[in-house]
Amino acid sequence: MSKRKLKESSAESAECISQVQKILRERFCHHCAAGKLFGMEQQYRHLLELLKRTTVHGESNSALVIGPRGSGKTALLNHVLKDLREMEQVRENLLEVHLNGNCQFSMKNPFLSGLLQTNDKVALKEITRQLQLENVVGDKVFGSFAENLAFLLEALRKGDRTSSCPILFVLDEFDLFVHHKNQTLLYNLFDISQSAQTPVTVIGLTCRQDILELLEKRVKSRFSHRQIYLMNSFDFKQYMKIFKKQLSLPAEFPDESFAQKWNNNVQHLSEDKTVQAVLQNLFHHTKDLRSLHLLLMLASSAVTVHHPLLTAADLQEASRQHSTDSKANIVHGLSVLEICLIIAMKHLNEVYDGEPFNFQMVYNEFQKFIQRKAHSMYNFEKPVVMKAFEHLLQLELVQPLERPSARAQREFLLMKLLLDSSQIMDALQVYPNCPTDVKQWAASSLSWL
Amino acid sequence: MNTRQQSKLIYSWYGKPLSSDRKLRISQYKGILITSESSKTETCIQLGDFILVEGVNADQPYVAQLMDLYEDGAQHKRAVVQWFCRLEEIPQNKRKLLKREIPAQEVFFDQVLGYDTDIAAETIIKTIMVLPLHLDEELPTVTLNKEQTFYVRQSWDGKCFKVLSPDTFSKLKEANKKRGVITNSSKAFTPSDILTPVKKEMESVVRSATKPKNADMEIESKHSTSKSSLAKERHSQRVANNDIKTPTARKKLELNSPTRSKAKLLGCEVLGLLDDDCDAMAPLEPSAPKRKVKFTGEILGSPPKIPCSNDKSKPTCETAEHRQRSSDTIRLSPYTKVKDFLEKDRNLDEEDDILLSLVGYQKPSSQMPVLTPRSRRTCAQKTNALIAEQISLLKSHGKLAAEEDFSSDSDSSYSSSSEEEDDDDDDVPCTPEKTPKSSKIFSTPKSSRKSAVHTPAKTPKKTGTPRTPRTPRNATPEIPRRVQAAQEPASVLEEARLRLHVSAIPESLPCREEEFQDIYNFVESKLIDGTGGCMYISGVPGTGKTATVHEVIRCLQQATENEELPPFQFVEINGMKLTDPHQAYVQILEFLTGQKVTATHAAVLLAKLFSTPGPKRKTTVLIVDELDLLWTRKQNVMYNLFDWPTQKHSKLIILAIANTMDLPERIMMNRVASRLGLTRMSFQPYTYKQLQQIVLSRLKGVKAFEEDAVQLVSRKVAALSGDARRCLDICRRATEICELAGQKKNPEIVRMAHVTEAIDEMFSSPYVSAIRNASLHEQIFLKAILAEFRRAGVEEATVQQIYHHYVALCRVEGLQSPTVSEIMAICSRLGACRLLLVEASNKYLHMRVRLNLSQDDVMYALREE
C-alpha cells in the first residue's frame, strides 16, 4: 500500500469519524428533535388523543405527565406536538404556551417552566408574550400584576368553544408552580379549562409522584385528574435494544460501507459478555436513559481515526469513569499530612461514634500518632496542620456543623467528616507512595500499641 | 367636583316660595342660589334648568333637568329631577343596540323606572346645557363650551333606545330657550357640511321632514327672548297638549315672511324650512346680507374644517365661504324657484306629505303643494341647469320611497330613513349633468355607504362582528380565532363527552333546588325591600356553590327583565382571581363605575358610595367567591365588605362563598363575623344518588352509559369526596377509554369495565407502581432504608447509616457494591420523585432521609417482585 493511498483513506475515514461523532453527540445531547420514544406507546396515544380533541373539538382539558427524571416526559410531549402539527385539521388551530422551570423558548413553541417563571407575575407576562397579546394592546406598558391578571382573564373569558383558537399551556416543572402564592395561576388556568371560555388544555410535566397532594383543594377539584405516568417500565432486553438503536448509524449515512462496519460492530458489542455486564450494571443502577447516553457519550469520545470502532474496553473504561466516587477521587490528590488528618478524623468518628469533632481533637490524635508510631513523618507545627485542615474544609471533605462566627475560635469549631471509613480505606489503597506506617495507622487506631 | 371641595358652597332659595303645603310643611321654590364663599360668585338655578348632579363617579356627574324644588318638613332642600343618562351608565350589552358611536357629550333621556328622582339639592353642581337633536342630526363640532353642553337624541328606558317624542323634544327645547340660551339649530346643521357623505346622505330625508320644527324653534328662540316667561309657559303647555300641532311653526312663518300672502307663503315657507337642513342642495345664490349677521359666529368657526371633497351633493360649491353663504341662504333661495315647480310636483309629492305628517309637521291642507326633499332637490338641480327628464325619474323614486314609508310604522322612523336614504343615493347618481368632479367624489362614498351605513340600519342583528372601534386606551384583548371551525360531535360518545364536560351548562341544576330557592328568596326579598344583607355559603369544592349562585342571578335578571323585580347590578369577584385582597375594591369599583383607581382610593370611593344615598343607584348584588382568600392580617377588606350592607343607603347584597363551614369562627375577628351575620347556608357533598342524577340529567337523550356504570362512578366519588366535577371527569374519561377500546367495532356504550379502568386511572396510587418500576439498586436502597428504620426504631436515617445496610444487602444479593457517589445519585433520584423526603444535598453523607409513604406500602411494593 502506497503512502499516498494510506493518506487518502485516512482522510476519508477522518471525515467519517467526525460524521459519526456529530450524529452520536446530537443524539446523546438531545439536540436531535426526532429522538425515538421507547416503551410509551400507550401514553403517547393518550396524550395525542387528548390534544387532538382540544384542537379539533375545542374541548378543554387538563392533564399531568408524571415520571422520574429522564423518563422522557418532554420527549413524549414534543413527539405528540410534532405529530399533531403534521395533521391537517390541527395545524394553525392551536396556540401553544410553554411555561418552564428551565428553558426551551423558541418562537413557535413557547414553554412555561417553574424554574424560569419563578412567580405568577413573570409567568403571566410570559403567557401574554407568547400569546402575542401585547400586539393587541399596542404599546401599552403592563402595569401591575393585578392588571395583568385581569387583562389575561378577560382575554380568555371572551372566547368560546367553537370560535376561539384553542390554547395549549405546557407547564414544565409543574411542581414549582404549586408553590406560587395561593396557586393563583394554576387555579385560573384550571378554572378556565373547566368553564365555557376559550378552550384551553393545561399539560403539566413533573417528576413528583405526590404532586396531587400539593394542589390546593379548590385547585385540585378543578383539575381533571388525568395523569399520564411514565415509569421506565422496560426490562433489560429492551434496554439492550435501546442501546443498539442509540449507537447504530442511520441508513442515510454518507459512507455506506463504514456505516455497515459500524453497525456490525455495534451488533457484536451487544453480544459481548463484558459489554452486557457493563450495561447490566448500569441498568441495575438506573433505568434512566440519560445515564445510558452519558455512558455512550464517554465511550464514543474514544473513537478516533486510528481507533475507528468502539470496543468493549471503551465501554468498560467509560463505565469506570461514570461510576467513580467523586469524593474518593479528591482524596487521591491530598498530601500525606492531609491524609493523616483524615485518618485521625476517621479514628475520632469510630471512638465517638460519629459525634462531631474540632480541630484540636484532630490535632491531638495526629500528635499521638506522630509521637508514638510515626517513623517517616515529620512533626509539623500546629499552624501548618491548621492550614492543611483548612484545605480539607475548602475541599468540603470536612464540614462545620454551624456557620463559623467571628467570635468562635477556629480550633474549636465543631466539624463533621463527609467521608465514610470505607471510602477512606479504598482511597488509601490506591494512594501512590503512601507511607507504610500511615497505612497501618489507618487500618487500626490501636496499631501503635 | 374639585371646586366643590375647595370652597364651601351655600345653597339658598331664590325668591319666595311659589306654593306651600302647610300640612306637609313643604314649600316649593322656583330657583335655588348657589353661592360660593371663596370666589364670591352666585349662580341661580331655576326650574327647568339642566344641571349636573354629583354622582358615583366624580369625573362624570349625572346630568339632569331640574323639575321641582322644595323644602321638606325637616328643612332639607330637595329637588326633583328628570335624569339623563350617559353612555357609561348604560349596561355594556345594551350599548350595542345603538349601532353607532356615541360621542362623550351625548346623553340619553332617561325613562328608566326605579331611579330616585328626588335628590338633595346640595348635590347640584352647576347648570349646563342639554340640546335636543334629532337622531340623524350631527353634533355640532363647534360649541361654545364643550364641557357644559350635552346633546340628547334618544331616550333610554332600560331596554331599548327610542327617538325622543316630539313632546319631550319640544319641552327640552323650551327649557333651553327659557334660559335665554340661543340654541341655533342651524348651528347644529352646518356641520353636516363637514360630515362624510355617508352620514349626510342618511340624514337627508328624515331630517328634511323633522327639521322644520327644529328650525322654527330656533327662530322662535331668537324672538322669544323678549317675551314674558308666562307666555313661554303657556306656550310649552300648548306644545305639551298637542303633539302634532306646533303653533310655533306658524308663528315662525309669520315672522319670517311677513309680506307674503298666507296661502302661498305657507307652502313656500315649508319648502324653505325643508331646504334649511338640506343645505347641500341649495343653489349657490348670493345670500341675503342679513343672514350673515345671524351666523357670524358660525362663519368663524366652521369653514376651515370643511373638506371640500366631502361635499358630494353640492357639486358647485367650491369654497368654504361659498358654502357658508349657501347654508345661510337656503331658507330663502328656493322660494322663487320652487314656485314654478309646485304645480308640477304636486302629484308626486302627495306621498311625501304623508311622510311629513308622520313626523308631525303641521300641514295646512292635503292639497297644499308641499315639496319633499326630492322635489326640492329637483329644484336645486333645475337651477343648476339640469334637464327636465330628470324629473320623471325622480318622480318614480319618490313614489317608491313613499310606498316604503307607508309600509313602515311611524315608530320606525329610523329604518324608514335608511330606506329613503337609499333612494336618495339612487337618484343623485343618475343625473347625467353632474360635473365630473362631483361624480368622482360621489363614487367612493357610495360603496362605503353600502357597507357601513346601509347594512346596520337594515339588518341590525346580522352584523356579527363587533363594530366597536379599538382604541388603544381600553383595548380589549382577544384570543385569535381558530382557522377551521371546531368539529361538532359526530358519535354518541363524543356527544356524551361534550355534555359531560364541566363547562357544559346544563339547563337546570338538579339536586340543588332547595339551596337555589333559599338563595333566591333571600336576594329577592332584599331586592324588593331595597335593603342590603349578607349571606355566607359554604361547601366543599365541586358541590355546585358558584353554579347555583350564578343560576340565581340569572333567574333574577330574567325576573328584572320581565319587570317583576327592581333592576340590580351584578358584580362578581373571586378571591383566587385577585392578586391581592385589596384588589377587590378596585374590581368592584370598576364594575360599578368603570373607574380605574388604586386600591386605597377605590376603598374610599366605595365607602362613600355605599354610605351615602345615591340618587340614581340600583341595588348591587355582589358575589364574593373564595372568600377565605380575602383574609388579611387586619381583615379590613372583609370588614368593609360586610360593613357596607349594614349601612342604611348601601343597597348592597353580598353572597360570600367559601369552602369551610366555620370560616367566620375560625379566621374572622369577632367584629367581622358579627357583621357577616347568621344567614348561612352549607352545601352538603353530593350523595351517590344525586351524583347519579346529575350525570343522567346531562346525558338525557344520549344513550352512552350503562345504568350500572353511572352508579358505580357515583358511588365511588360520593364515598371519596362528593365532588361533582370529579364524577363528570371520570365519566368523560370512561367514554374515551370506551372509544379507544371499541375503535374497530361499532360504537358501543360505556360499560362497567371502562368505568373501572377510568376510576383506577384516576385514583390509583402512583407510589407502588413507581417503586416496582424502579431500578434494582433503587429498590435495594429502599430495602436498606427499611432495615435501618427497623434497626434504629426511628423513621429517619442518614445516608451514611443506610449505606452500611446497603453494602451488606448488596453482598447478600451478590452485586457489586456501588460507590458513595452512586448512592447519592440514587438517593436524589428517589428524592426527586418524592418517594423519599431528603434534606438539602450539601450535607452529603449526613443527609437525613425519610420515607414519603408508609413502610408497609414499600414492603408491599417490594415483596410482590
Side-chain angles (χ1 to χ4, degrees), chain A residues 49 56-60 66 68-69 89 92-93 133 136-138 145-146 149 151 153-156 158-159 161-165 167 182 184 187-188 194-196 198 207-210 217-218 221-222 224-226 229 231-233 281 283-287 323-327 416 418 420 423, chain B residues 472 475-487 489 494 497-498 501-503 505 541-542 576-580 583 586 626 629 659 723 725-726 729 733 736 740 761-762 766-767 769-770 773 775-777 800 803 815-816 818-822 826 829 832-835 844-846 852:
Chain A
E49 285 292 314
V56 176
H57 296 291
E59 187 181 303
S60 294
I66 305 170
R69 296 220 179 274
Q89 73 246 51
E92 309 277 312
N93 261 349
L133 284 175
V136 179
V137 201
F145 177 30
L149 181 68
F151 174 82
L153 290 179
E154 167 78 25
L156 293 171
K158 280 195 154 179
R161 188 184 71 83
T162 48
S163 65
S164 301
C165 193
I167 303 173
N182 286 348
T184 308
Y187 177 92
N188 285 312
Q194 298 245 313
S195 51
T198 306
C207 64
R208 288 183 65 161
Q209 306 284 349
D210 62 344
K217 58 182 183 296
R218 286 167 282 212
S221 167
R222 279 165 176 80
S224 73
H225 279 247
R226 283 159 198 274
Y229 287 103
M231 286 298 182
N232 286 333
S233 50
N281 193 24
F283 181 72
H284 279 163
H285 270 111
T286 168
K287 291 173 159 181
S323 63
T324 44
D325 188 346
S326 54
K327 291 270 178 191
K416 271 200 159 181
L418 292 187
D420 193 64
Q423 273 177 296
Chain B
T476 43
E478 202 175 353
I479 301 297
R481 306 184 81 73
R482 50 187 303 149
V483 179
Q484 287 143 334
Q487 266 182 27
E494 282 176 6
R497 201 179 303 135
L498 189 70
H501 199 282
V502 184
S503 71
I505 299 157
M576 271 291 202
K577 292 179 179 170
L578 301 172
T579 51
D580 177 84
Q583 289 293 324
V586 181
E626 317 293 359
L629 284 162
N659 291 132
D723 187 337
R725 288 195 189 106
R726 180 65 19 78
D729 278 334
R733 177 69 188 134
E736 286 168 22
L740 217 62
E761 213 172 80
M762 290 203 178
Y767 292 111
S769 64
N773 284 311
S775 69
L776 182 64
H777 277 281
Q800 197 165 18
Y803 177 64
L815 291 167
Q816 195 187 354
T819 57
V820 176
S821 285
E822 281 169 322
I826 288 169
R829 268 205 299 276
C833 297
R834 286 302 190 279
L835 288 172
Y844 204 56
L845 278 177
H846 304 290
N852 197 24

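Residue numbering restarts at 1 for every chain, and letters A, B, ... go by the order of the sequence lines.
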- line: Highest number of heavy-atom pairs under 4.5 Å with chain B among A:M231, A:R218, A:K287 belongs to A:R218
field: From A:L149 atom CG to B:L578 atom CG, the distance as rounded to the nearest 0.5 Å
entry: 8.0 Å
message: Give me the atom names and distance for the closest heavy-atom approach of A:P68 to B:C833.
response: CB-SG, 3.5 Å
task: Drop me the distance from A:L418's CG to B:Q800's CD, to the nearest 0.5 angstrom.
output: 9.0 Å
task: Identify which part of B:E736 has an atom lying under 4.5 Å from any heavy atom of chain A, answering side chain, backbone, both or neither.
output: side chain
Atom group of A:N188 that falls short of 4.5 Å from chain B, counting heavy atoms: side chain
- request: Check whether any side-chain heavy atom of B:L740 sits under 4.5 Å from a side-chain heavy atom of A:E49, and report yes or no.
  value: yes
query: Of all of A:R69, A:R226, A:H285, which one pairs up most often with chain B through heavy atoms under 4.5 Å apart?
result: A:H285
- request: Evaluate side chain to side chain contact (heavy atoms under 4.5 Å, CB included) for B:K577 paired with A:L153, printing each intermediate quantity in order.
  value: CA-CA 8 Å; B:K577 292 179 179 170; A:L153 290 179; 3.8 Å; yes
- prompt: Distance from B:H501 atom NE2 to A:H57 atom NE2, nearest 0.5 Å?
  reply: 12.5 Å
query: Quick one: does B:N773's side chain get under 4.5 Å of A:N232's, heavy atoms only?
result: no
- prompt: Would a distance-only check, ignoring hydrogens and angles, find a side-chain to backbone donor-acceptor pair under 3.5 Å from A:K217 to B:P541?
  reply: no
task: Determine the option with the most heavy-atom pairs under 4.5 angstrom with chain A, choosing from B:L629, B:L835, B:I826.
output: B:L629
task: Say whether, by atom type as modelled, one donor and one acceptor occur between the side chain of B:T819 and the main chain of A:S323 under 3.5 angstrom.
output: yes
message: Can you tell me which of B:Q816, B:R829, B:E761 forms the most heavy-atom pairs within a distance under 4.5 Å of chain A?
response: B:R829
Under 4.5 Å from a heavy atom of chain B, the part of A:Q423 involved: side chain
Atom pair OG/CZ of A:S224 and B:R725 - distance to nearest 0.5 Å: 12.0 Å
- request: Work out which heavy atom in A:A196 is nearest to a heavy atom in B:S503; give both atom names and the distance.
  value: N-CB, 3.4 Å
- prompt: Rounded to the nearest 0.5 Å, how far does CZ of B:R834 lie from CD1 of A:I66?
  reply: 13.0 Å
task: Give the member of B:V586, B:L498, B:D580, B:L815 that has the highest number of heavy-atom pairs under 4.5 Å with chain A.
output: B:L498
message: So B:T579 and A:T184, do their side chains get closer than 4.5 Å, heavy atoms only?
response: no
query: For the atom pair CG (B:D729) and CZ (A:R222), what is the distance rounded to the nearest 0.5 Å?
result: 12.0 Å
message: Using modelled atom types and a 3.5 Å cut-off, is there a donor and acceptor pairing between side-chain atoms of B:S775 and backbone atoms of A:F283?
response: no
